[in-house]
Amino acid sequence: MVRQEHTTQVNNRRVRVDEETDACANIRLRGEDILQGSVALTSGSQLGAAHIGVLASLAETYVCVYRRPTVAVMATGDEIADLAEREAILAGKKIASSNTYTLTSMVQQAGGEVINLGIASDDPTDLRKRIATAADADLLITSGGVSVGEHDYLRPVLQEMGADMKFWRIRMRPGAPVGFAVLNGLPWIGLPGNPVSSMVGFELFVRPAIRKMLGHEKLFRCTFPVTTEDEIHLKAPLCHFLRIVVTERDGKRYASLTGAQGSGILSSMAAANALMIVPEDNLDVERGSELNAMYLEESRHVGAAPF
């Protein structure tokens, strides 16, 4: 067997081989791709273009898959507004509900489908009404209203509606006021209102939950060691997740803070490509110390939470 372009047709019955470099090289053996009786795709595989092609090559018209979970997203607070109120936001009369947009984007990137419940006012009646519309969702996530302010009604409203509160508040920063409950079979994860706290909480708790609903067994992003390029002094004895930029030099990874780490400084989150994990018993970190970090766009995952 030779390539046609390496031959010349002499007549209707004869062909001359001009080059034998690839002779017998272009033979496809039966079963060389997938042997009969072998597993083509394991359960839990995320279907990409190549996986779809494999299924097509086997003439598999239908396969059983996990559907994308529907995630209801609700922001809370009289002080926040949608971008339709642009003038009020720019005039300082309202605060843009950036969480609505970041959380919507994060849900979609994680593989979920969004149900936007809008912005609930600091009113128990409005909260109950909007929460009730999420009854058919697979997951409800909210931002704001879960701390200890006099207008933080979300947790008591959920309890009045019959929610089984599993936990509230975690020893971490940013994002300590995180809540989790189950309301008539609907899981709820309450994230803080501060933008960075909300995003970090989503990364640590909501994203793994969505991956679980998608059928993944490995839910959490991998961690890796980094060498700090900043001297860090922390006050609260909590597990801190600091926004960093990781660069690689001479086979090692180095971490630099993206700037001020306030939970409302969203631009420092936009500048980060990873989160550095500082244990609660390590409040004073010297430059050159080694800590663990996790990339925010890491595609590899592990089964157990590494933080």
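In this chain, residues are counted from 1 in sequence order. Owing to the predicted nature of the structure, the values given are computational and were not obtained by experimental measurement.
Donor-acceptor pairing under 3.5 Å is recorded for the side chains of Asn194 and Ser263. Asp138 and Thr70 share a side-chain donor-acceptor pair at under 3.5 Å.
For Thr133, the side chain to side chain donor-acceptor pair (under 3.5 Å) criterion is met by no residue, not counting sequence neighbours. In this structure, the side chain to side chain contact (heavy atoms under 4.5 Å, CB included) partners of Arg86, at least two apart in sequence or on a different chain, are Leu90. By the salt bridge (Lys or Arg N to Asp or Glu O under 4.0 Å) test, Glu87 is found to be paired with no residue, residues two or more places apart in sequence or in another chain being considered. For Asp33, there are no side chain to side chain donor-acceptor pair (under 3.5 Å) partners two or more places apart in sequence or in a different chain. For Glu280, the salt bridge (Lys or Arg N to Asp or Glu O under 4.0 Å) partners at least two apart in sequence or on another chain are Arg171. For the side chain to side chain contact (heavy atoms under 4.5 Å, CB included) test, residues two or more places apart in sequence or in another chain that qualify with Arg28 are Glu32. Listed by chain and residue number, Thr21 satisfy the side chain to side chain donor-acceptor pair (under 3.5 Å) test with Glu19 (two or more places apart in sequence, or in another chain). Legend: residues meeting salt bridge (Lys or Arg N to Asp or Glu O under 4.0 Å) with Lys252, ordered by chain and number and at least two apart, are absent. For Tyr62, the ring pair (Phe, Tyr, Trp, His ring centres under 6.0 Å) test picks out no residue, with sequence neighbours left out. Qualifying side chain to side chain contact (heavy atoms under 4.5 Å, CB included) partners for Val65, counting only residues two or more places apart in sequence or in other chains: Leu47, Val63.
The pair Glu85-Lys93 does not count as a salt bridge, with every side-chain nitrogen at least 4.0 angstrom from each carboxylate oxygen.
No donor-acceptor distance shorter than 3.5 angstrom exists from the side chain of Ser197 to the backbone of Arg173, with no hydrogens or angles considered. Formation of a donor-acceptor pair under 3.5 Å by the Asp122 side chain with backbone atoms of Tyr153 is not found in this model. A distance-only check finds a donor-acceptor pair linking the side chain of Thr76 to the backbone of Gly144 [under 3.5 Å]. At least one donor-acceptor pair closer than 3.5 Å links the side chain of Thr228 to the backbone N or O of Ser289. With hydrogens and angles ignored, the 3.5 Å screen pairs no side-chain donor or acceptor of Gln36 with any backbone N or O of Gly31. Under a 3.5 Å cut-off, the side chain of Arg169 and the backbone N or O of Pro177 do not form any donor-acceptor pair.
Under the 30°/60° scheme for interplanar angles, the aromatic rings of Phe167 and Phe180 are found to be tilted.
Residues Leu191 and Gly201 come closest through the heavy atom pair CD2-C, 3.8 Å. Listed here is the closest heavy atom pair of Asp78 and Lys94: O-NZ, 2.6 Å. Residues Ala304 and Phe220 share a closest heavy-atom pair of C-CD1, 3.6 Å. Ala137 and Leu186 make their closest contact through O-CD1, 3.4 Å (heavy atoms, listed as atom of the first residue, atom of the second, distance). In terms of heavy-atom proximity, Thr258 sits nearest to Ile244 at CG2-C, 3.7 Å.
Summarising the hydrophobic clusters (Ile, Leu, Val, Met, Phe, Trp, Tyr; side-chain heavy atoms under 4.5 Å, direct or chained), the residues clustered with Ile119 are Ile80, Ile95. Annotation for Ile89: hydrophobic cluster partners, listed by chain and number, are Leu83, Tyr101 (ILVMFWY side-chain heavy atoms under 4.5 Å, direct or chained).
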>> Assess the residue pair His233 and Asp284 against the criterion (side chain to side chain donor-acceptor pair (under 3.5 Å)); give the C-alpha distance rounded to whole Å, side-chain angles, the decisive distance to 0.1 Å, and a yes or no.
In response: CA-CA 5 Å; His233 300 286; Asp284 296 299; 2.7 Å; yes
> Arg253 and Thr227: side chain to side chain contact (heavy atoms under 4.5 Å, CB included), yes or no, with the steps?
Replying inline: CA-CA 6 Å; Arg253 293 187 176 103; Thr227 300; over 6 Å; no
> How far apart are the C-alpha atoms of Ser45 and Thr42, what are their side-chain angles, what is the distance that settles it, and do they pass the side chain to side chain donor-acceptor pair (under 3.5 Å) test?
Replying inline: CA-CA 6 Å; Ser45 298; Thr42 59; 3.2 Å; yes
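Leu242 and Val196 sit in two unconnected hydrophobic clusters of ILVMFWY residues. Membership requires side-chain heavy atoms under 4.5 Å apart, directly or through other members.
When each of Lys129, Arg130, Arg128 is tested with Asp126 by the rule side-chain hydrogen bond (donor to acceptor under 3.5 Å, both in side chains), just one qualifies, namely Arg130. Just one of Glu298, Glu297, Glu203 meets the side-chain hydrogen bond (donor to acceptor under 3.5 Å, both in side chains) condition when paired with Arg221; it is Glu203.
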